[in-house]
Amino acid sequence: MTANLSVVQVAVPSPLTRRFDYLLPADLAIPVPGTRVRVPFGRREVIGVVLGHAATSDLPPEKLKPIRRVLDSEPLLPATLVELLGWASSYYHHPIGEVMQAALPVLLRRGTAPTMSGAKLYLPTEAGRQSSPEAFKRSPVQQRLVELLQRHPQGMAAAMLGAAVKNWRAPMQRLISQGLVQVQEGSCLPVRTVRQQAAPTLLPAQVTAVTAIQAAIGQFQCLLLHGITGSGKTEVYLQAIEAVVARGRQALVLVPEIGLTPQLVARFESRFQVPIAVMHSGLNESERLCAWEAGRRGEAAIVIGTRSAVFAPLPRLALILIDEEHDASFKQQDGFRYHARDVAIKRARLEDLPVVLGSATPALESMHNAELGRYRLLTLANRTGNAQPPRVQMLDLKRLKLNDGLSAPLIEALQDRLARREQSLLFLNRRGFAPVLMCHDCGWLAPCKRCDARLTIHQRSQTVRCHHCGAEAPLPKVCPSCQSANLHGIGEGTERIETSLARLLPNARIDRVDRDSTRRKGSLEAIFQRVHDGVVDILVGTQMLTKGHDFPNLTLVGVLNADQGLYSADFRSEERLVQQLVQVTGRAGRADKPGTVLIQTYHPDNPVFAAIAHHDYREFARYALAERESAGYPPYAYLALLRAESPKPDAALDFLNMAHTIAGNPNGVELMDPVPSPMERRAGRYRAQLLVQAGERRALHAFLETWRAMLENDKRARQVRWSLDVDPVDLY
Ligand code: ADP
Ligand code: ZN
Ligand code: ZN
């Protein structure tokens, strides 16, 4: 122990859990927590964040190194955020240095001064405003950009462009070199030129919700806004924010990755006269820093962002909204595995503000918390306007024959919509042509060399691809095992359904939405625009099309292989299936035309489908929560998952067995036996996992803390790659 020193505690980017002590040179003032400092670390110098200071250190003074430089004259992270990050580090048992890093834009991690310059605003030139988008037919992305900029003549920030169009930067450069677009440096806040729209008069249930949210401003409260699709949840967000903005305060809106669309941003822009900052993964580093700074300086009154925006410093924050709160993209799946919803709730508690969780299909955990009275439940039970919920009907595959994945009643319904010039949507959660390539002579199934998985056939590109590791090879012409050419695809993916539709309904105009088609065509938005423009009759796709879009002329939704989610080993698969089905069902009959949903299944009597047919998510939640309770799963138990992987076959399992042994018999915590992961080998690595279960959160965390420290200090832990996942969302 040493006394009477100025010791500064610093979070240093390092996989070690502890904070590091440094000496404060006599000529430096004590830096406030949240300030960046440059410090020696091993043989390098690194940038860390000050956590606090003390008069003593556990280390002798001669072992302490001095801080080299203080980088900021004021803290970049306010005290409550430093506290929040400290909490997140201990809750997720993740090193504080890495947690701090996750909260800072990359440029700040590297030592750049906080600035809003470097971001760019793109404006159409006179020539750009005059040119016809038709002239860009050969380059759909350029065409889309010209259209967008003509609608935003005062310019668009990269954040907006990135949310609207994939891979837009190179085509934009071409437009600039053609003199059609000019660049203005130095801002990332969209210019406020969108025509303002008046707010509609709220329906009674919306009034109740907005009033409850506004009444909670200034204190901590968690509100669960459970409203069916199209019931006006977004309108509730907008009007709740209005009160916040009117008082000169800030609002944070968290949305799923797929939910951050230009339509959503435009809807906000058309309502508010204040700058809105947008944060998502498509930004480059200076744009990200700009948006972050706009929030930190209070220049942006509203911040709309994906997961990591939950850590944005907002000095006048008064309200947090989480749209589609059940969405899995709020959970970070590698590195620092936090859940943005749960962090947001903690943040609201620390900063005394309300947090609103909105969804048509809240997570079962959230439904449970509402039932217990921890969250205030606000319900929007009806769609706005005249729209009625669609009629849902099961097509029993035990009695119906499939023609390339499609049953006769479904084909008839599609024909019927075509004749009426209405649109249809077919949902199938599997991209590619067929999930398996099989030799019909010897039974060979095309395997991935690096994973325990089959290769998916992609007919368009004439390839086979692994959907787990990304491996790709040309489509084999002959069987490598018996040289036969009798190779065929088994099962259906979106590509195959698209092909069969073209054969069965030759007059239909079909578009496909999945990760492959949106890569090729440049943009999901462009496809959705075509649906809006009425030049598409049938849309086939994966869960990418389950969210967010209103297609007034879409009256039929077909679900092709709903049963997949019923067989999975993951205890959340049923919940996910219902959430997807409710979302996709919500696409049918949004306006004055009634909608129909046809679900192909071998299990029409499964309670999951009954809940869908009755439009009663609460009915499903009650039934599913009862199952969770009897099985001892969350929210009735608390879980953590220790994962390990190694290129050596048994190393991961050996490590987990060691971890199991050193854990001993902890109080109130049960350790399952280590097992190989459901897909043991992925991308050439063998993976295994160990599930930890506890009836009480406190017991779990007490155990994890000592256990992690033991693992961190064990030499054997360095031979594998391992991670601890608290409240895991995926159990594999
Ligand atoms: P959700 O977010 O629940 O899907 P939205 O807020 O997008 O619902 O509302 C669905 C549609 O109804 C939108 O077109 C919206 O403009 C409209 N809408 C919402 N609230 C009202 C209202 N009170 N009066 C009229 N139209 C409304
Ligand atoms: Zn063969
Ligand atoms: Zn693979």
Side-chain angles (χ1 to χ4, degrees), residues 197-210 225-241 253 255-256 259 261 263-264 266-268 270-271 321-325 356-362 378-387 389 432 435-456 463-473 476-488 532 546-552 582-583 585-587 589-592 617 679-687:
Q197 273 165 4
T201 310
L202 293 178
L203 300 167
Q206 289 174 311
V207 172
T208 308
V210 171
L225 179 62
H226 179 203
I228 61 169
T229 46
S231 61
K233 292 185 294 298
T234 311
E235 191 56 48
V236 169
Y237 305 154
L238 291 168
Q239 301 212 16
I241 291 173
V253 184
V255 296
T261 61
Q263 277 92 337
L264 180 85
R267 203 164 155 191
F268 275 77
S270 71
R271 199 57 79 68
L321 299 150
I322 306 174
D323 190 29
E324 309 284 0
E325 65 91 30
V356 179
L357 316 181
S359 177
T361 53
L378 303 166
T379 308
L380 305 180
N382 300 304
R383 290 181 168 193
T384 63
N386 297 324
V436 179
L437 174 67
M438 181 172 146
C439 169
H440 281 215
D441 285 339
C442 76
W444 173 81
L445 302 165
C448 176
K449 291 195 180 73
R450 307 172 69 221
C451 305
D452 295 326
R454 311 270 174 231
L455 296 173
T456 298
T463 56
V464 282
R465 288 188 214 153
C466 175
H467 287 187
H468 305 283
C469 71
E472 185 174 327
K477 300 269 185 298
V478 295
C479 169
S481 163
C482 75
Q483 317 309 319
S484 152
N486 202 4
L487 295 177
H488 299 278
H532 267 287
T546 57
K547 279 182 199 144
H549 283 266
D550 257 335
F551 300 127
V582 171
Q583 300 283 352
T585 298
R587 300 301 119 212
R590 295 272 283 191
D592 43 0
Y617 187 73
M679 183 196 302
E680 185 177 8
R681 198 168 49 106
R682 193 169 74 188
R685 295 175 157 273
Y686 293 83
R687 309 174 309 143

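Bear in mind that the values here come from a model prediction, so they are computed numbers and not experimental data. Counting from 1, the numbers follow the sequence of the chain as shown. In each ligand, atom 1 is the first atom listed, and ligand 1 is the first ligand listed.
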| Stepwise, does the side chain to side chain contact (heavy atoms under 4.5 Å, CB included) test hold for R271 with E235? | CA-CA 10 Å; R271 199 57 79 68; E235 191 56 48; 2.9 Å; yes
| Can you tell which part of T384 has a heavy atom less than 4.0 Å from ligand 1: side chain, backbone, both or neither? | side chain
| said: Can you confirm whether L437 sits close enough to L487 that some side-chain heavy atom of one is under 4.5 Å from a side-chain heavy atom of the other? | reply: yes
| said: Against ligand 1, does G227 come closer than 4.0 Å with any heavy atom? | reply: no
| said: Would you say that V253 contacts I241 through its side chain, given a criterion of any heavy-atom pair below 4.5 Å between the two side chains? | reply: yes
| Heavy-atom side-chain proximity of N486 to C479 below 4.5 angstrom | no
| Contact check, side chains of E325 and L225, non-hydrogen atoms, under 4.5 Å | no
| field | Distance filter under 4.0 Å to K233 heavy atoms, resulting ligand 1 atoms | value | 1 (P), 2 (O), 3 (O), 6 (O), 8 (O)
| task | Measure the shortest side-chain to side-chain distance between P476 and V464 over non-hydrogen atoms and say whether it is less than 4.5 angstrom. | result | yes
| Is there a donor-acceptor pair closer than 3.5 Å between any side-chain N or O of Y237 and the backbone N or O of V356? | no
| task | Considering the heavy atoms of G232, write down every atom of ligand 1 situated less than 4.0 Å from one of them. | result | 1 (P), 3 (O), 5 (P), 6 (O), 8 (O), 9 (O), 19 (C)
| request: Name the option, out of R267, Q239, Q206, R383, that contains the heavy atom nearest to atom 20 (N) of ligand 1. | output: Q206
| task | For the pair R450 (side chain) and R681 (backbone), establish whether a donor and an acceptor sit closer than 3.5 Å, ignoring hydrogens and angles. | result | no
| Which of the atoms in ligand 1, numbered in the order shown and given with their element, are less than 4.0 Å from a heavy-atom of E235? | 6 (O), 19 (C), 20 (N)
| query | Judging by distance only, is a nitrogen or oxygen of G230 under 3.5 angstrom from one on ligand 1? | reply | yes
| remark: With heavy atoms and a 4.0 Å threshold, my read on which part of T201 contacts ligand 1 is backbone
| field | Numbered atoms of ligand 1 (with element) below 4.0 Å of L203, judged on heavy atoms | value | 23 (N)
| request: May I ask you to decide if V207's main-chain N or O and Q239's side chain share a donor-acceptor pair within less than 3.5 Å? | output: no
| message | Regarding E324 and Q583, do their side chains bring together a donor and an acceptor under 3.5 Å, going by distance alone? | response | yes
| note | One finds that the ligand 1 atoms under 4.0 Å from a non-hydrogen atom of L202 are 23 (N)
| Heteroatom count (protein N, O or S) under 2.8 Å of the Zn ion (ligand 3) | 4
| task | Everything protein-side that's N, O or S and under 2.8 Å from the Zn ion (ligand 2): list it, residue and atom. | result | C439 SG, C442 SG, C479 SG, C482 SG
| field | Enumerated ligand 1 atoms positioned under 4.0 Å from heavy atoms of T234 | value | 2 (O), 6 (O), 7 (O)
| query | Taking the side chain as C-beta and beyond, is there a heavy-atom pair between H532 and F551 under 4.5 Å? | reply | yes
| field | Donor-acceptor contact below 3.5 Å, side chain H226 vs main chain A360 | value | yes
| said: Would you compute the distance between atom NE2 of H468 and atom CZ of R682 and round it to the nearest 0.5 angstrom? | reply: 8.0 Å
| field | Atoms in ligand 1 with a heavy atom of P200 nearer than 4.0 Å | value | 21 (C), 22 (C), 24 (N), 25 (C)
| I228 backbone acceptor or donor facing R383 side chain under 3.5 Å | no
| G358 backbone acceptor or donor facing K233 side chain under 3.5 Å | no
